[in-house]
Colleague: 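Below is the structure I would like to discuss, written out as structure tokens.
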Amino acid sequence: MEVTIGKDELYRAVSRVQSIIEKRSNMPILSMVLISAENGEIHISATDLEISLQQKIPAEVLNPGSITISGRKIFEIIKETKSPKIFMKEKENNWVFVSDGQTKYNLACLPADEYPIFVEPEGVESVEIDGNTLKEMINKTIYAVTLEEAGFKLSGVFTEKVTHEGKSYLRMVSTDGHRLSMIDKEIKDIQRVKMDGGVMIPKKGMLELNKLAGEGGPVHLGFKQNNCVVRKESLVIVIRLLESKFPDYNAVIPKKVNTHIVVEREPLLDGMRKMSILTTETYRGVKITIDKDSMELVSVNPDLGDAQEKLQIDYKGERLEAGFNGRYFIDALQSMDSKVVDLSFIDNSSPCVIRGQDDKGFLGLVMPMRL
């Protein structure tokens with residue numbers, strides 16, 4: 001293989017795969033990227049066997065062929081060069097020559113035929129989603145995915161189609177067992193997509209989707225067998241879905257509430273951040289007291305001290321005291337855009353539901369804790 005490639009296009013493609021390639025794998029080939037050249041373009045492929053990415057970019061192909069090259073090292077080489085072009089040539093005994101016209105590198109690599117084959121599922125029914133919409137959905141759910149290794153069945157974002165009031169929506173739901181986040185967005189032609197019963201997209205795959213969505217423009221999303229297939233221009237990502245059953249999340253969302261308050265989001269968020277200054281792994285709770293036009297936040301840590309803050313609200317109902325993990329409120333409120341948020345409670349042993357007028361389709365839920 002012998003090619004000349006534009007630096008900027010190559011840099012964008014190689015930077016995309018840095019979070020996919022395995023840094024400390026017992027399979028050294030997974031730390032490499034596969035570069036295949038033919039017909040005036042190169043295909044750049046990367047995989048960790050759970051997520052696979054392939055992108056096509058134009059190139060001057062002097063000799064077709066395929067090489068593997070360290071994903072991290074080629075990224076660093078391109079990052080440091082000032083030249084607009086990168087030249088690559090395959091040498092004998094699995095070596096690759098790379099030059100920007102000024103600096104020359106000879107890099108050891110591995111045989112290209114050992115690289116896992118990229119297989120793009122055929123006949124995938126996909127739907128076009130605006131990148132900003134997809135990014136919002138992911139940002140409003142990914143924070144609630146469990147971080148615990150034992151919580152495999154919760155280690156992704158549950159994604160399904162729902163219909164209410166005659167309209168079809170794409171729904172994403174996440175939970176770690178202590179909190180829940182859910183968002184619905186009306187997506188044109190979402191009924192075409194095959195995902196009966198819902199699918200579980202792993203967190204790492206969602207992070208890759210989020211980066212892609214963050215670049216703007218439409219993203220095409222579809223599912224086939226056990227894969228999520230994402231296309232955007234000349235890029236294809238295939239994510240292996242989790243084979244786990246998501247719990248019945250509807251069972252924990254309260255149907256009726258006894259206490260309902262409206263509070264400004266920024267002061268509540270700031271208050272929770274101040275309370276978190278004194279929290280530790282042992283003492284993470286914040287007591288919320290709602291009573292006659294005020295909402296009091298109190299954090300007590302026997303090892304460090306205590307903190308309290310009062311917020312003004314419009315409330316005439318009965319006094320309510322409940323304990324919650326302040327971090328969970330911070331995560332939910334940070335992801336929202338509304339100036340004011342609605343907090344709903346049943347009693348001190350039931351979850352708090354968070355909604356916002358400017359966060360249409362979103363619902364955050366935080367389970368109570370004993371203090």
Side-chain angles (χ1 to χ4, degrees), residues 19 51 124-147 154-165 167-176 179-223 227-232 235 237-242 244 246-247 249-250 252-253 265 328 330-338 341-342 353-366:
S19 54
I51 303 172
V124 180
E125 282 280 2
S126 62
V127 66
E128 182 178 289
I129 303 176
D130 176 70
N132 292 329
T133 299
L134 183 58
K135 185 176 177 65
E136 180 189 355
M137 295 185 76
I138 296 171
N139 285 338
K140 282 186 163 74
T141 51
I142 199 161
Y143 65 82
V145 175
T146 185
L147 299 174
L154 303 177
S155 60
V157 176
F158 182 67
T159 307
E160 65 174 342
K161 298 177 291 186
V162 294
T163 304
H164 45 85
E165 297 180 357
K167 295 181 178 180
S168 297
Y169 298 82
L170 180 66
R171 171 175 288 177
M172 290 185 181
V173 191
S174 61
T175 181
D176 60 7
R179 54 173 164 182
L180 179 143
S181 178
M182 182 174 80
I183 186 167
D184 293 349
K185 286 291 182 182
E186 189 177 358
I187 304 294
K188 186 181 177 182
D189 299 327
I190 190 63
Q191 290 297 345
R192 287 202 333 237
V193 177
K194 295 180 180 177
M195 50 195 297
D196 297 334
V199 297
M200 281 283 284
I201 305 176
K203 184 173 184 177
K204 186 175 179 180
M206 274 297 190
L207 291 170
E208 294 304 319
L209 274 186
N210 202 25
K211 284 191 287 187
L212 195 63
E215 296 175 6
V219 175
H220 294 264
L221 182 71
F223 301 90
N227 293 308
C228 171
V229 182
V230 187
R231 294 187 183 90
K232 185 172 188 280
L235 177 72
I237 299 177
V238 179
I239 303 166
R240 184 182 296 177
L241 300 171
L242 295 174
S244 59
F246 200 70
Y249 60 89
N250 284 301
V252 300
I253 300 174
R265 183 178 68 90
Y328 297 162
I330 292 170
D331 289 341
L333 294 168
Q334 278 182 159
S335 75
M336 299 176 72
D337 300 309
S338 300
V341 293
D342 299 276
V353 176
I354 308 169
R355 290 185 174 93
Q357 192 171 12
D358 295 331
D359 295 277
K360 296 195 182 304
F362 171 73
L363 175 152
L365 181 147
V366 181

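Quick caveat, the model's predicted, so the values are computed rather than measured.
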Colleague: Of the non-hydrogen atoms in Gly205 and Ile239, which two are nearest, and what is the gap between them?
Modeller: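 Closest pair (atom of Gly205, atom of Ile239, distance): O-CD1, 3.6 Å.
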Colleague: Going by side chain to side chain contact (heavy atoms under 4.5 Å, CB included), Leu363 matches just one of Val173, Ile183, Ile253, Ile354. Which one?
Modeller: Ile253
Colleague: For a 4.5 angstrom cut-off between non-hydrogen side-chain atoms, does Tyr249 reach Leu180?
Modeller: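 Yes - at least one pair of side-chain heavy atoms lies under 4.5 Å apart.
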Colleague: Testing the basics here: between Met206 and Thr159, what is the closest heavy-atom pair and its distance to 0.1 Å?
Modeller: CE-OG1, 4.0 Å
Colleague: Would you confirm whether Asp130, through its side chain, and Thr133, through its main-chain N or O, come within 3.5 Å as a donor-acceptor pair?
Modeller: yes
Colleague: Would you say the side-chain atoms of Asp176 pair up with the backbone N or O of Arg179, donor to acceptor, closer than 3.5 Å?
Modeller: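 Side chain of Asp176 to backbone of Arg179, a donor-acceptor pair under 3.5 Å: yes, one is there.
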Colleague: If you apply the rule side-chain contact (heavy atoms from CB on, under 4.5 Å), what do you find for Leu242 with Ser155, and how did you get there?
Modeller: CA-CA 8 Å; Leu242 295 174; Ser155 60; 3.6 Å; yes
Colleague: With a 4.5 Å heavy-atom cut-off, do Asn227 and Arg240 have their side chains touching?
Modeller: yes
Colleague: For Thr141 and Ser174, indicate whether the former's side chain and the latter's backbone hold a donor-acceptor pair under 3.5 Å.
Modeller: no
Colleague: Are any side-chain N or O atoms of Lys140 and backbone N or O atoms of Ser335, one a donor and one an acceptor, separated by less than 3.5 Å?
Modeller: yes
Colleague: Working to the nearest 0.5 Å, report the span between CG of Leu212 and CG of Leu207.
Modeller: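 If we round to the nearest 0.5 Å, Leu212:CG and Leu207:CG are 12.5 Å apart.
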Colleague: How long is the gap from OH on Tyr328 to CG on Leu365, to the nearest 0.5 Å?
Modeller: 12.0 Å
Colleague: Do any N or O atoms from the side chain of Lys161 and from the backbone of Val193 form a donor-acceptor pair under 3.5 angstrom?
Modeller: yes
Colleague: I'd like to know if Asp184 pairs up with Lys167 as an ion pair, taking the criterion as any Lys NZ or Arg NE/NH1/NH2 lying under 4.0 Å from an Asp or Glu carboxylate oxygen.
Modeller: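 Salt bridge: no.
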Colleague: If you look at every heavy atom in Asp359 and Met336, which pair is closest and at what distance?
Modeller: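 Looks like OD1-CA, 3.3 Å.
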Colleague: Nearest 0.5 Å please: distance from the CE atom of Met200 over to the CZ atom of Phe246.
Modeller: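 Rounded to the nearest 0.5 Å, the CE-CZ separation comes out at 6.0 Å.
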Colleague: Counting only N and O atoms by type, is there a donor-acceptor contact under 3.5 Å from the side chain of Lys135 to the main-chain atoms of Glu215?
Modeller: no
Colleague: Treating Ser338 as the side-chain partner and Asp358 as the backbone partner, does any N or O pair qualify as donor plus acceptor under 3.5 Å?
Modeller: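 A pair under 3.5 Å: yes.
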Colleague: Within the structure provided, determine whether Val124 and His220 are in side-chain contact (heavy-atom separation under 4.5 Å).
Modeller: no
Colleague: Are any non-hydrogen side-chain atoms of Leu209 and Ile237 less than 4.5 angstrom apart?
Modeller: no
Colleague: Begin from the C-alpha positions of Ile138 and Val157 and carry the test side-chain contact (heavy atoms from CB on, under 4.5 Å) through to its verdict.
Modeller: CA-CA 8 Å; Ile138 296 171; Val157 176; over 6 Å; no
Colleague: Indicate yes or no: does Lys194 engage Glu125 in a salt bridge with an N to O separation below 4.0 Å.
Modeller: no
Colleague: Taking atom CZ of Phe158 and atom CE of Met182, what is their separation to the nearest 0.5 Å?
Modeller: 11.5 Å
Colleague: Between Val127 and Ile187, is there a side-chain heavy-atom distance shorter than 4.5 Å?
Modeller: yes
Colleague: Using side-chain heavy atoms (C-beta onward) and a distance below 4.5 Å, is Ile201 in contact with Leu241?
Modeller: yes
Colleague: Considering only heavy atoms from C-beta outward, does the side chain of Tyr169 approach that of Ile190 to under 4.5 Å?
Modeller: no
Colleague: Do the non-hydrogen side-chain atoms of Ser19 and Lys211 ever get within less than 4.5 Å of each other?
Modeller: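 Ser19 vs Lys211: side chains touch.
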Colleague: Can you tell me how far the OG atom of Ser244 sits from the CG atom of Leu154, to the nearest 0.5 Å?
Modeller: 7.5 Å
Colleague: Sort out for me which residue in Met137, Lys203, Met172 forms a side chain to side chain contact (heavy atoms under 4.5 Å, CB included) with Ile142.
Modeller: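 Only one of Met137, Lys203, Met172 forms a side chain to side chain contact (heavy atoms under 4.5 Å, CB included) with Ile142, namely Lys203.
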Colleague: Which pair of non-hydrogen atoms, one from Glu160 and one from Gly198, has the smallest distance, and what is that distance?
Modeller: CB-CA, 3.8 Å
Colleague: Provide the closest heavy-atom pair for Ser181 versus Phe362 in the form atom of the first, atom of the second, distance.
Modeller: OG-CE1, 3.3 Å
Colleague: Rounded to the nearest 0.5 Å, what's the gap from CD on Gln357 to CG on Asp337? Could you check?
Modeller: 13.0 Å
